[in-house]
Amino acid sequence: MTEKLEEIRKRAEIAIREAKTLQDLDDVEICYLGRKGELTGMLRQLSSLPDEEKKSLGSKANDIKGELERMLLAVRRQLLENRLTEIGRTERVDVTEPGRRPPEGHLHLVTQAIREVTEIFSRIGFVRTRYPEVDWDWYAFESLNMPKDHPARDEWETFFMDAPESKKGKMVLTPHTSNAQVRELERGQFPVRMINIAKCYRRQIDVTHVPMFHQFEGLYVDTHVSITHLRGVLDYFAKEFFGPDRAIRLRPFHFRFTEPSFEIDVSCAVCKGTGEGPDRQKCRVCKRGWLELGGAGMVHPNVLKAGNVDPKKYSGFAFGWGVERTALMKSGTKLDDIRVLYKNDLRFLKQF
Ligand code: PHE
């Protein structure tokens, strides 16, 4: 029996030493020391032996049991420690690592331009207004010195609303921001310093036109307003928006609601208004030294009258430009097709 005990101890010791996981170790323990384990079985048999033998074998068996238990404990600790080191290595959390940022958008190119234009004019006292983008014929045309059936209206390829007519005529989707002029004059508060930025609609769509676009409309009305003021304001804007080395020029033109009327050009950033490239050939960007921005002029007396303002007492100027055009000119972006502005293609929009 002594031999049997020694043999069990040897096997058990080897099994304990060879255990690779905590599970292996549990299995070994059950196998030898469990209720039906080999050593437990031996201890049970001892009770049937004569006293003398029972004593010596009993103490031997108990020694073996104690030894195996100590060994199990030591190896279990070691395995547990290994396991924790392993977890620490593979599942480490670095709390100082910066978090993952959700994708962040930015304002649309046109919105950015609207904000900048508003800001620039606010610095010289112009207040941004909001007037309807669906308005009566009276505000869009008639009060602007364009009587019904006047051919000048043709230029503003207008969308008419299918809505009941009123004293002020049909309803239209505003084809320009000039509808704000008489609406602002009607408020009767002077001096008028308005910057109206709104959507405009015209029946046009091709690579250089979209049916919905934006304009900003300036109106300044006070006593003794002259063309010099118009020039000063436009020059200020050009320098603030495009850069200090840019200048504007006025070219005679015709609008029904301003007299005299002008088209406004801004000097080209590349050739500085000379129209010449570095090789003494025509500037590749502008060809003429100047880029066209929009319209302007001194408010027509009939428009002042339509807004209940006495043209003998008050005078003023107005101007109206396209936001999209102005914004693209600033960034120097040449679009083959202006419609990409409104296609919501992130590959394009992200660049601004
Ligand atoms: N409303 C004109 C346009 O759409 C621009 C303009 C505004 C011209 C104000 C003169 C004065 O072309």
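Along the sequence shown, residues are numbered consecutively beginning with 1. Fair warning: this is a prediction, and the values are worked out from it, not measured in the lab. Counting convention: from 1, in listed order, for ligands and their atoms alike.
- Between N196 and F216, the closest side-chain pair of non-hydrogen atoms is not below 4.5 Å.
- Checked against a 3.5 angstrom limit, the closest N/O atoms of S178 and ligand 1 fall inside it.
- Heavy atoms of E155 stay at 4.0 angstrom or farther from ligand 1.
- The closest approach between a heavy atom of W156 and any atom of ligand 1 is below 4.0 Å.
- Ligand 1 lies less than 4.0 angstrom from a heavy atom belonging to R202.
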Ring pair (Phe, Tyr, Trp, His ring centres under 6.0 Å) between Y220 and F317, worked out: CA-CA 5 Å; Y220 181 33; F317 64 75; 5.4 Å; yes

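- Among all non-hydrogen protein atoms, the one lying nearest atom 5 (C) of ligand 1 is G320 O, 3.8 Å.
- Considering only non-hydrogen protein atoms, atom 2 (C) of ligand 1 sits nearest to F257 CZ, 3.9 Å.
- Each of F255, F213, Y131, F257 was scored for a ring-ring contact (aromatic ring centres under 6.0 Å, His included) with H176, with one residue passing: F257.
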Take F141 and F160 through the test ring pair (Phe, Tyr, Trp, His ring centres under 6.0 Å) and record every step on the way to the result. CA-CA 12 Å; F141 293 114; F160 286 89; 7.2 Å; no

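- Distances below 4.0 Å separate heavy atoms of F319 from the following atoms of ligand 1: 7 (C), 9 (C), 11 (C).
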Could you walk me through whether H108 and Y342 pass the ring pair (Phe, Tyr, Trp, His ring centres under 6.0 Å) check? CA-CA 10 Å; H108 190 275; Y342 295 111; 5.8 Å; yes

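- For atom 11 (C) of ligand 1, the choice among G322, A140, A318, C200 with the nearest heavy atom turns out to be A318.
- D135 places no side-chain N or O within donor-acceptor distance of the main-chain N or O of T174, the cut-off being under 3.5 Å.
- For the pair Q215 and ligand 1, the shortest N or O to N or O distance falls below 3.5 Å.
- Heavy atoms of A296 approach ligand 1 to within less than 4.0 angstrom.
- Side chain of R153 to backbone of P147: a donor-acceptor contact under 3.5 angstrom is found.
- For ligand 1, the atoms sitting less than 4.0 Å from at least one non-hydrogen atom of Q181 are 9 (C), numbered in the order shown with element in parentheses.
- For atom 12 (O) of ligand 1, the nearest non-hydrogen atom of the protein is F255 CE2, 4.0 Å.
- Residues L5 and M42 meet the side-chain proximity criterion, which asks for heavy atoms closer than 4.5 Å.
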